[in-house]
Amino acid sequence: MMPGGRLVALARANPVNAALLELLPALRLNQGFLTAGCLFQEVWNHRAGHKPGWGIRDYDVFYFDDSDLSFEAEDAVIRQVRQATAHLAVEVEVRNQARVHLWYPQRFGPGYPQLRSAQDGIDRYLVACTCIGIELATGALYAPNGLAELEAGTLRPNPLNDRPALFRRKAEAYQARWPYLTIMEG
């Protein structure tokens, strides 16, 4: 099974991830995490022999602030992160996990709970093995489902966000870029 240190090393081999992990802690985002494809896709890139950064469309940053759920408050943080990372010339997508329940049902369907932490957002990715984040303040890896399925390339639905059609689309999109991945439904 892949140790967490190896995943972090693979993620940091991407110079953008390394830069984000150096820059973002200074912004002191509450419960801030670098998360999603910029991390787990580096494991798949390594196995497939692709260069770090290959196929990564954006870099996701989660934080949690339930003191102000307005779009304007989140937008201020988005602008702050954009300013700090503009020189990287990549898309950094910032989301306050305290607000997700306000827009998720309109985009993806009903049944999304109000989250209580940034980790709650990571816990609800559609594909179980992709529930991964690196905490900005400490550099600690957060992987609630472990790393075995990620290393094996096994894409399984996440029971915490049971949306079979969305899962299938996401899994097929991953498999199109990394053909060795295996989709396990049900």
Side-chain angles (χ1 to χ4, degrees), residues 1-64 77-97 118-119 121-156 158 167 169-183:
M1 180 162 115
M2 173 189 322
R6 181 164 169 253
L7 181 141
V8 172
L10 289 172
R12 282 183 167 275
N14 176 335
V16 175
N17 282 339
L20 290 171
L21 290 168
E22 294 301 318
L23 291 168
L24 293 175
L27 300 181
R28 293 192 165 103
L29 300 176
N30 188 51
Q31 298 181 31
F33 281 86
L34 183 63
T35 187
C38 66
L39 303 180
F40 62 78
Q41 291 175 14
E42 291 302 355
V43 173
W44 299 340
N45 281 341
H46 179 74
R47 179 169 170 185
H50 298 304
K51 290 182 179 182
W54 183 90
I56 295 177
R57 297 178 177 150
D58 60 23
Y59 294 78
D60 291 283
V61 175
F62 282 7
Y63 73 100
F64 188 86
V77 174
I78 291 168
R79 282 184 276 120
Q80 178 186 26
V81 171
R82 278 195 186 136
Q83 183 177 5
T85 62
H87 67 286
L88 298 175
V90 296
E91 178 70 27
V92 179
E93 189 167 300
V94 181
R95 292 292 175 259
N96 180 1
Q97 295 304 290
Q119 291 97 329
I122 295 170
D123 292 348
R124 284 170 175 73
Y125 287 148
L126 292 167
V127 181
C129 74
T130 66
C131 298
I132 293 173
I134 296 176
E135 188 175 20
L136 297 175
T138 65
L141 178 67
Y142 179 71
N145 299 321
L147 300 173
E149 287 190 351
L150 176 63
E151 185 173 35
T154 303
L155 308 179
R156 186 180 315 280
N158 182 352
F167 163 80
R169 279 196 300 269
K170 178 77 72 177
E172 286 174 350
Y174 291 152
Q175 192 178 52
R177 288 185 277 163
W178 296 275
Y180 78 87
L181 298 175
T182 304
I183 299 171

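Because only heavy atoms are used, hydrogens play no part in the values below, and waters and symmetry mates are left out as well, while side chains stay in. Remember, it's a predicted structure, so these values are computed and weren't measured experimentally.
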| query | What is the minimum heavy-atom distance between Pro52 and Ala13, and which atoms define it? | reply | CB-O, 3.5 Å
| What side-chain hydrogen bond (donor to acceptor under 3.5 Å, both in side chains) pairs are there with at least one residue in residues 131-141, not counting sequence neighbours? | Glu135-Thr138
| Do Asp58 and Cys38 come close enough that some side-chain heavy atom pair is under 4.5 Å? | no
| task | For the residue pair His50 and Arg177, establish whether any side-chain heavy-atom pair is separated by less than 4.5 Å. | result | no
| query | Of the options Val77, Ile78, Val61, which is the one that meets Arg95 in a side chain to side chain contact (heavy atoms under 4.5 Å, CB included)? | reply | Ile78
| task | Sorted by first residue and then second, give each side-chain hydrogen bond (donor to acceptor under 3.5 Å, both in side chains) pair with at least one member in residues 38-49; sequence neighbours left out. | result | Asn14-Glu42, Glu42-Asn45, Asn45-Trp178
| task | Kindly determine whether Ile56 and Val90 satisfy side chain to side chain contact (heavy atoms under 4.5 Å, CB included), including the steps that lead there. | result | CA-CA 10 Å; Ile56 295 177; Val90 296; over 6 Å; no
| task | Could you give me the CA-CA distance, side-chain angles and deciding distance for Lys170 and Gln175, then say whether side chain to side chain contact (heavy atoms under 4.5 Å, CB included) is met? | result | CA-CA 9 Å; Lys170 178 77 72 177; Gln175 192 178 52; over 6 Å; no
Would you be so kind as to tabulate the donor-acceptor pairs closer than 3.5 Å made by side chains of residues 18-35, with sequence neighbours excluded?
residue: Glu22; atom: OE2; partner: Arg12; partner atom: NH1; Å: 3.4
residue: Asn30; atom: ND2; partner: Phe64; partner atom: O; Å: 2.5
residue: Gln31; atom: OE1; partner: Ala118; partner atom: N; Å: 2.8
residue: Thr35; atom: OG1; partner: Tyr125; partner atom: OH; Å: 2.8
residue: Thr35; atom: OG1; partner: Ile132; partner atom: O; Å: 2.6

| note | When rounded to the nearest 0.5 Å, the distance separating CG of Leu88 from OH of Tyr59 is 9.0 Å
| remark: Taken in chain and number order and not counting sequence neighbours, the residues that satisfy side-chain contact (heavy atoms from CB on, under 4.5 Å) with Pro144 are Asp123, Cys131, Tyr142
| remark: Hits for side-chain contact (heavy atoms from CB on, under 4.5 Å) against Thr182, two or more places apart or cross-chain, chain-then-number order -> Met184
| message | To the nearest 0.5 Å, what is the distance between CD on Gln97 and OH on Tyr63? | response | 9.5 Å
| field | Counterpart residues, salt bridge (charged side-chain N to carboxylate O under 4.0 Å, His left out), relative to Arg79 (two or more places apart) | value | Asp75
| For Ala128, does its backbone N or O pair with a side-chain atom of Asn145 as donor and acceptor, under 3.5 Å? | yes
| Are Asn158 and Leu126 side-chain neighbours, meaning at least one heavy-atom pair lies under 4.5 Å? | no
| query | How many angstroms lie between atom CZ of Phe40 and atom CG of Leu10, to the nearest 0.5 angstrom? | reply | 14.0 Å
| task | State, to 0.1 Å, how close Leu39 and Ala11 come at their nearest heavy-atom pair, and which atoms those are. | result | CD2-CB, 3.7 Å
